[in-house]
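Note that these values count all heavy atoms, side chains included, but never hydrogens, waters or copies made by symmetry. Because the structure is a prediction, the values reported are computed rather than measured.
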Amino acid sequence: MKLISICPSNTELLAYLGLVDQLVAVDDFSDWPTSIQTLPRLGPDLSIDMDKLEQYKPDLVLASLSVPGMEKNVEELQKRNIPHIVLDPHCLDDIAANLLLVGQACGIEERAQLIRDEFLSFIDKMKARATSVATSPRLYWEWWPKPVFTPGSTNWLAEISAIAGGSNEFSDVELASVQTDWEDVLQRDPDYILLAWVGVRPEKVKKEVVLKRPGWQELEAIRSGRFSIMEEALYCRPSPRLLEGALKLGNMIHPEIYGNLELPDWVANK
């Protein structure tokens, strides 16, 4: 089966299903696993070269609405009658459902069922440990620095925060993505400040940008060293890799509770 992914999270989902060897092309931003590095590239995920894509005569294209603006790719796939499925995950249960949906479409339903069940089982293990934490620190996640965007309650990072024994500072806002401002965050005075700028590699994220904001150097999280640059790929993409991010977060804020928890083999061995 010839598969094409036009979004990094979809490429990662295919990897967890063991279907990387069936990929014939991917978008420019797909960077994991390393085995895909030699695959042909079709352009940025918001500007896919559909003429080039069509030349590969794929049996199935995995599209996504997880990135705003991807709708035009879907419209073009429909227009050209290219076989495709569209994923639009917002939460961990959505990702679990997508594992099964893609597995069914690719003829590996039984394997996909097992992987989905292990995915959900690991989440349950983390939830169980989260019930034993003495305190749940408030986590401010920064998705973009200017204007400031942060995840709200209807986003997977609210769940990731919870199963790691913390709470998303902006869970009081019923949105997937919240545009806020420096003063709002300053007044909230979160316990942790976590920078995960969408599409930006960790080495390109500059703490100095944040420290220049009026009053921010006085925030307790910054003065106490609870100010971290997180791996964007582990927190900003709705793929099964979020489990790796969740466990890293748990070990950061509650090492005594999550320190001996191990990822499932199908995650750890990728």
Any donor and acceptor pair, going by atom type alone, linking the side chain of Ser64 with main-chain N or O of Ser66 inside 3.5 Å?
yes
Under a 3.5 Å distance rule, please check whether Arg41 uses its side chain to pair with a backbone N or O of Phe29 as donor and acceptor.
no
Answer yes if the side chains of [X] and [Y] hold a donor-acceptor pair under 3.5 Å, and no otherwise.
{"X": "Glu109", "Y": "Gln113", "value": "no"}
{"X": "Ser30", "Y": "Thr11", "value": "yes"}
{"X": "Ser121", "Y": "Asp124", "value": "no"}
{"X": "Ser171", "Y": "Ser153", "value": "no"}

Heavy-atom check, side chain of [X] versus side chain of [Y], under 4.5 Å:
{"X": "Gln22", "Y": "Cys106", "value": "no"}
{"X": "Val86", "Y": "Leu65", "value": "yes"}
{"X": "Phe122", "Y": "Leu247", "value": "yes"}

Is the closest basic N to carboxylate O distance between [X] and [Y] below 4.0 Å?
{"X": "Lys2", "Y": "Asp59", "result": "no"}
{"X": "Glu142", "Y": "Arg213", "result": "yes"}
{"X": "Arg201", "Y": "Glu231", "result": "no"}

Contacts satisfying side-chain hydrogen bond (donor to acceptor under 3.5 Å, both in side chains) that involve residues 253-264 (not counting sequence neighbours) are Arg129-Asn260
Residue pairs fulfilling salt bridge (Lys or Arg N to Asp or Glu O under 4.0 Å) with at least one residue in residues 75-93, sequence neighbours excluded:
Asp51-Arg80, Glu54-Arg80, Glu76-Arg80
Please output the side-chain donor-acceptor pairs of residues 143-150 that fall under 3.5 Å, not counting sequence neighbours, one pair per line with the distance.
from, atom 1, to, atom 2, distance (Å)
Trp144, NE1, Lys146, O, 3.4
Thr150, OG1, Trp141, O, 2.5

I want to check a possible cation-pi pair here: Lys207 against Phe227, using under 6.0 Å from ring centre and within 45° of the ring axis as the test.
yes
Exercise: identify the closest heavy-atom pair between Met70 and Ile6
CE-O, 3.5 Å
